[in-house]
Protein chains: 2
Amino acid sequence: MKRQVTIKDIARKLGVSISTVSRALKDHPDISVKTREAVKELASILGYKPNMIALNLKHSRTNTIGVLVPEVEHYFFSSVLNGVEEVAYKNDFSVMVFQSNESYMREVLITQNFLTNRVDGVLASFSKNTHDFTHFKKIIENEIPMVFFDRERGELHADSVIVDDYSGAYQAVSHLISKGCKRIAFYSAPRHLVLGKNRLEGYKAALEDNGITYSPDMVYSCDTFDEAEKISRSILKKHDRPDAIFAVNDLTAIGAMKVAKKLGLRVPDDIRLVGFENSRSSWICEPELTTVDQFGFELGKEATGLLLSRIKLNTFDYEVERRMMKTQIVVRGTT
Amino acid sequence: MKRQVTIKDIARKLGVSISTVSRALKDHPDISVKTREAVKELASILGYKPNMIALNLKHSRTNTIGVLVPEVEHYFFSSVLNGVEEVAYKNDFSVMVFQSNESYMREVLITQNFLTNRVDGVLASFSKNTHDFTHFKKIIENEIPMVFFDRERGELHADSVIVDDYSGAYQAVSHLISKGCKRIAFYSAPRHLVLGKNRLEGYKAALEDNGITYSPDMVYSCDTFDEAEKISRSILKKHDRPDAIFAVNDLTAIGAMKVAKKLGLRVPDDIRLVGFENSRSSWICEPELTTVDQFGFELGKEATGLLLSRIKLNTFDYEVERRMMKTQIVVRGTT
DNA sequence: ACGGCCCATCTAACCGGTTACCGAAATTTA
DNA sequence: TAAATTTCGGTAACCGGTTAGATGGGCCGT
């Protein structure tokens, strides 16, 4: 492959030393205007581009942040990514995105990659199957700033930016109750995810604040379209079927809706549904889905801003922060 | 921040030279077993990780490929990305993903970033608003291998891996004709994209092969949900409205379907629809959308494999290749 | 006892920049 | 006019590895 133009080439052609070229290019006052102009002109003629790798080695920074995300295919994560890019980009940082595909093994390899590639900081949303966090601990041992987003893990020295799951769930369930629903099922994420716990708390609180007793029988572990299709079939056939379903994400709600319609239930008359995400899908399905907007784009911007501020701190000795993003219920046809 | 362990640290503690450590770590035969074992043991105790940046500088490679994509939010592109990661990953390459958001300006900046970050190769799908290709020429001038995917540009020294748009469109339109459709509208991508041209040709050919005369009045420039909602309103109200719509992607087809249903048309009895993508959305809408599967995952794998083979060639003197990915029509409820 | 040879390791240059420090010429000052 | 001070640019170390070639001690044969 073609060798790139270096300052050495410029120095040789101009008969000056490489340090002069280096200084001239960055407007160092030690260099005379004449020399500086000559260097700059030749540099642009030759198409000189500084070698980032050499700079990175010198400064031991890469100006790169690593992002670990379960799947970019999910609307929420892709919108987070947009926010991340926006901020990173404005601050001259590059972004390396890796998907765990909800696989723990893959996640471990990705974090190792972060270490060997010497990213300056890490944004991470770990997989649903991650119960062991030693791979993240290694990143922290290396004093690489890390911000968890959406899914958090309190005990590590890492900031987190999360969705206000509690209040999102509370809003959603309160809304359903205001529509007259009494038997509200909750299709929930696995319990070990903090978001699962918090949404459950919000669900419970909304029920209890409205005089409805909480029953664990109404909570199902189900957070994908396919699972929703499967379990809804039996749930919705029962004589004491729920009159509303609050689902942990839009696709799950839509899966349930599909089954409901197939069973001849009318939406929203016989059964009301609320999702969580405000994804594209939520206005593609019919009727359009009432859902809780998670503001992924803003979350991405927030998390990246926080991470960059940590990187700029240049010390690992800071108080860990936990930021919560507001949610907003979007009322549509399914309620 | 914490300084990473280097071979220098190991050398000092062991009282040997850094070259000995370097060689010991890579099982060089010059080093005695005793020394080698000692070095390796200390390395693992100290948690030594080779500094990729230094290696990159030495070898002037980064083991990184840059990916330029319009928007990861689109199902097709996110599935391509999955394929890219899969292959890159197996070959110990990292992937840097950048979204142009269909902005030409952004795209130019991203390609500059590829140059300064010294990626070893580029996978690119340019934006709809790109008419000037000098930014790609710069990459090629630097002899960085490039593979265009999905959207190609013939005149540059770059391979391309594209969807067989012609046959995909031909299949889709033939299918509609076999269902008895006579007036088939085509919601098309901008003409300057090769994929737009090829699908139009496939559309024309399918019509003509079945004795239907092609009429330019049936071709509309429309490739988003919003545009489809807007233009379909008037198109579907006309007394000589089409009896089928073939759309350039799923969301456009779904936008049209939504309007059709609002106008009281029955799908598929009054109007049939075919999309292009086989996205998640295509089985969320109702009825489920007949669509042409583009096999994004396979396309991503193919393009990355080709790119990596070019990188490994280690010369820029190769014949440019153009690979076409087969498509497959998926028949569902809208036809 | 000495030249030759092998083995294990070290020295130093290199990748492409940055930058502290040094030195010679030009200019100012006494 | 000699000394002091700028001005301008060069030298060399450094970032963390790799690697060709040098070095030096031990063992061999004659």
Side-chain angles (χ1 to χ4, degrees), chain A residues 1-40 42-43 46-64 92 115-120 142 314, chain B residues 1-40 42-43 46-64 92 115-120 142 314:
Chain A
M1 305 273 156
K2 200 166 136 190
R3 221 180 53 74
Q4 298 273 1
V5 180
T6 70
I7 52 168
K8 209 174 283 184
D9 300 320
I10 299 176
R12 197 170 344 100
K13 293 208 181 174
L14 242 44
V16 296
S17 76
I18 56 169
S19 62
T20 303
V21 175
S22 171
R23 282 195 261 254
L25 288 171
K26 33 179 36 196
D27 291 323
H28 193 286
D30 271 8
I31 305 299
S32 67
V33 180
K34 215 179 81 213
T35 312
R36 194 200 308 162
E37 295 303 320
V39 168
K40 285 192 175 178
L42 185 58
L46 297 180
Y48 167 76
K49 285 244 182 330
N51 186 328
M52 281 304 281
I53 309 174
L55 291 179
N56 290 341
L57 176 59
K58 181 70 184 172
H59 299 128
S60 34
R61 310 187 264 88
T62 50
N63 266 46
T64 299
D92 286 314
L115 245 30
T116 56
N117 273 77
R118 297 288 209 275
V119 295
D120 292 339
N142 280 279
N314 225 26
Chain B
M1 305 274 158
K2 199 168 137 190
R3 220 179 52 75
Q4 298 274 0
V5 180
T6 70
I7 51 169
K8 209 174 284 185
D9 300 321
I10 299 177
R12 197 170 344 100
K13 294 209 179 170
L14 242 43
V16 296
S17 76
I18 55 169
S19 61
T20 302
V21 175
S22 171
R23 284 198 253 258
L25 288 171
K26 31 179 39 196
D27 292 324
H28 194 288
D30 271 8
I31 305 298
S32 68
V33 180
K34 215 179 81 211
T35 312
R36 193 200 308 162
E37 295 303 320
V39 168
K40 285 193 175 179
L42 186 57
L46 297 180
Y48 166 77
K49 285 244 181 329
N51 185 329
M52 281 305 281
I53 309 174
L55 291 180
N56 290 343
L57 176 59
K58 181 69 184 172
H59 298 129
S60 34
R61 312 186 261 88
T62 50
N63 267 45
T64 299
D92 286 315
L115 246 29
T116 57
N117 273 77
R118 297 287 208 275
V119 295
D120 292 339
N142 281 280
N314 224 26

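It should be emphasised that the depicted structure is a prediction, and the values quoted were computed from it without experimental measurement. Order of the sequence lines sets the chain letters (A, B, ...), proteins ahead of strands, with each chain counted from 1.
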Exercise. Looking at side-chain heavy atoms only, is the closest gap between A/Thr62 and B/Ile53 below 4.5 Å?
Worked result: yes
Exercise. Is A/Ser32 near enough to D/dT7 that one of its side-chain N or O atoms lies under 4.0 angstrom from OP1 or OP2?
Worked result: no
Problem set entry | A/Asp120 versus A/Arg61, closest heavy-atom pair with distance | OD1-CA, 3.6 Å
For this session: Map A/Asp30 and B/Ser17 onto DNA chain C by nearest heavy atom, then report which one ends up closer to the 5' terminus.
Result: B/Ser17
Please enumerate all protein N or O atoms sitting under 3.5 Å from an N or O of nucleotides 13-17 of chain C, with distances to 0.1 Å.
from	atom 1	to	atom 2	distance (Å)
C/dC14	O2	B/Lys58	NZ	2.9
C/dC15	OP2	A/Lys8	NZ	3.3
C/dG17	OP2	A/Ile7	N	3.0
C/dG17	O5'	A/Tyr48	OH	2.9
C/dG17	N2	A/Lys58	NZ	3.3

Problem set entry | Distance in angstrom units between A/His28 NE2 and D/dG10 C1', rounded | 13 Å
Problem set entry | Considering all heavy atoms, the nearest B/Asn117-A/Met52 contact | N-CG, 4.3 Å
Exercise. Quick one: are B/Asn51 and B/Thr6 in side-chain contact, heavy atoms under 4.5 Å?
Worked result: no
For this session: Let me know the distance between CG of A/Asp27 and P of C/dT18, rounded to the nearest Å.
Result: 12 Å
Problem set entry | Closest approach of B/Arg36 to B/Asp27 (non-hydrogen atoms, all atoms of both residues) | CD-OD1, 3.2 Å
For this session: Inspect the surroundings of NZ in A/Lys34 and state if more than 12 heavy atoms from other residues, nucleotides or ligands are less than 6.0 Å away.
Result: no
For this session: Give the rounded distance in Å between these two atoms: CD1 of B/Ile31 and P of C/dT9.
Result: 6 Å
For this session: Ignoring hydrogens and angles, answer whether the base of C/dT11 and the side-chain atoms of B/Ser19 contain a donor-acceptor pair closer than 3.5 Å.
Result: yes
For this session: For B/Ile10 and C/dC10, give me the distance from atom CD1 to atom C1', rounded to whole Å.
Result: 17 Å
For this session: Answer yes or no: does a side-chain N or O of B/Thr35 lie under 4.0 Å from OP1 or OP2 of C/dA8?
Result: no
Exercise. B/Lys34 NZ to C/dA8 C1': how many Å, rounded?
Worked result: 11 Å
Problem set entry | Between C/dA20 (P) and A/Lys26 (NZ): distance, integer Å | 10 Å
